[in-house]
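We name chains A, B, ... by the order of the sequence lines, and we start the count at 1 in each one.
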Amino acid sequence: MFDLSGKTALVTGASGGIGGAIARALHGQGAVVTLSGTRREALDALAAELKERVHVVTADLGDAASTEALAKDAEAAMGRLDILVNNAGLTRDNIAMRMKDEEWQKVIDVNLTAGFRLARAAMRGMMKRRFGRIIGITSVVGVTGNPGQANYAAAKAGMIGMTKALAQELASRSITVNCVAPGFIATAMTDALNEEQQNQLLPRIPMGRMGTAGEIAAAVAYLASDEAAYMTGQTLHVNGGMAMI
Amino acid sequence: MSDVAERVKKIVIEHLGVEEAKVTEGANFIDDLGADSLDTVELVMAFEEEFGCEIPDDAAEKILTVKDAIDYIKSKSA
């Protein structure tokens, strides 16, 4: 099940905890992977760990030209692009009254617009080959909201809406478009929370613990697989029961 | 009948799976040949491949009929 041998994948934000786990999972299922991110050292270290069937491309997803170039570079490196994982994201948290336009725009640009640009670039080849998987890593807060994250919640909700539209446009070409929505996952981002914040958080999670990056990656591996061919326009919530939607 | 016209019509027939007789020069891809908007994008991609040219989006949007495609490709290869 979920064999990805012979498939090629681009994972953005692969220098992060969840992105790295996704790249490992897809690679583990047999895919050729291109790792993209901003931290070259982390990408190179992951590439060294994966050894073969791996490429590294850096890009600035806040920049249109750099984002378009990323899609082209990944296709050039791997020959084609079967699986696009829009995982890259950043936060600029602030209560709305204090949120600067730049904080809003940066989060929308990187978390939402870059994903659209990459999807648009990738779907051309996918249409020709009558196969494609576009997978967005959204967030539980894109559905539930979260104080201090108006920008992030908007971008993540936007990704879910975009996914549904693309899924309808591309279904007739056997291209599926889905999202995975993580809840609270143990990564560098959540390690930054202090003990008090963590103590407030955990009682809201029926499972009583944070999720692991690997548990997100497993959902992505499923959506990328041939077995998930009939699933499109959906969001898989992987959140320990924190929100049941 | 020029070579370009023949090749364009062949692509249209193959891609849209329509009868040859329907693919007249005046035929509109969507109205007459049953193409959807995604088909028209794919047709343009197929023309680009066949003729080794790049058809920018603003030009592609104006290619609505078989004749539009033939004229555009001729103008680029002239």
Side-chain angles (χ1 to χ4, degrees), chain A residues 8 10 63-76 78-84 113-136 161-178 229-233, chain B residues 3-20 22-23 27-66 68-77:
Chain A
T8 62
L10 167 62
D63 178 73
S66 178
T67 306
E68 301 280 349
L70 169 60
K72 285 204 172 69
D73 291 348
E75 276 195 332
M78 301 188 291
R80 59 176 202 281
L81 181 54
D82 298 316
I83 302 159
L84 167 64
T113 308
F116 171 71
R117 289 190 175 123
L118 288 172
R120 183 177 58 189
M123 62 181 70
R124 191 182 172 87
M126 291 176 177
M127 274 170 58
K128 271 191 198 167
R129 291 187 301 278
R130 294 289 192 266
F131 178 88
R133 298 282 184 268
I134 298 172
I135 302 163
M162 176 179 83
T163 290
K164 292 175 181 177
L166 296 184
Q168 291 177 43
E169 286 189 23
L170 299 171
S172 65
R173 269 54 173 181
S174 302
I175 299 166
T176 70
V177 192
N178 292 288
Y230 200 54
M231 173 168 273
T232 196
Chain B
D3 180 44
V4 169
E6 284 300 331
R7 285 156 76 192
V8 165
K9 285 183 181 180
K10 188 162 177 280
I11 288 170
V12 174
I13 292 163
E14 279 175 9
H15 188 85
L16 299 179
V18 289
E19 287 167 30
E20 197 174 341
K22 282 192 176 170
V23 187
N28 182 294
F29 296 126
I30 292 173
D31 296 337
D32 302 319
L33 302 176
D36 64 18
S37 54
L38 220 49
D39 287 321
T40 62
V41 173
E42 288 185 326
L43 277 173
V44 167
M45 279 160 48
F47 296 146
E48 287 178 331
E49 214 159 89
E50 172 77 15
F51 297 98
C53 61
E54 200 160 309
I55 305 177
D57 286 347
D58 53 347
E61 282 166 13
K62 292 186 191 115
I63 298 178
L64 306 175
T65 67
V66 175
D68 292 340
I70 295 168
D71 289 347
Y72 182 84
I73 291 158
K74 278 184 178 169
S75 78
K76 288 295 138 184
S77 49

Can you tell me if NZ on Lys128(A) sees more than 12 non-hydrogen neighbours from other groups inside 6.0 Å? yes
Whether over 12 other heavy atoms sit under 6.0 Å from Asp58(B) CG: yes
Drop me the distance from Asp39(B)'s CG to Arg173(A)'s CZ, to the nearest 0.5 angstrom. 4.5 Å
Cut-off 4.5 Å, heavy atoms of chain B, and the answer for Arg124(A) is both
Grab the two heavy atoms, one from Glu169(A) and one from Leu38(B), that are nearest each other, plus how far apart they are. O-CD2, 3.0 Å
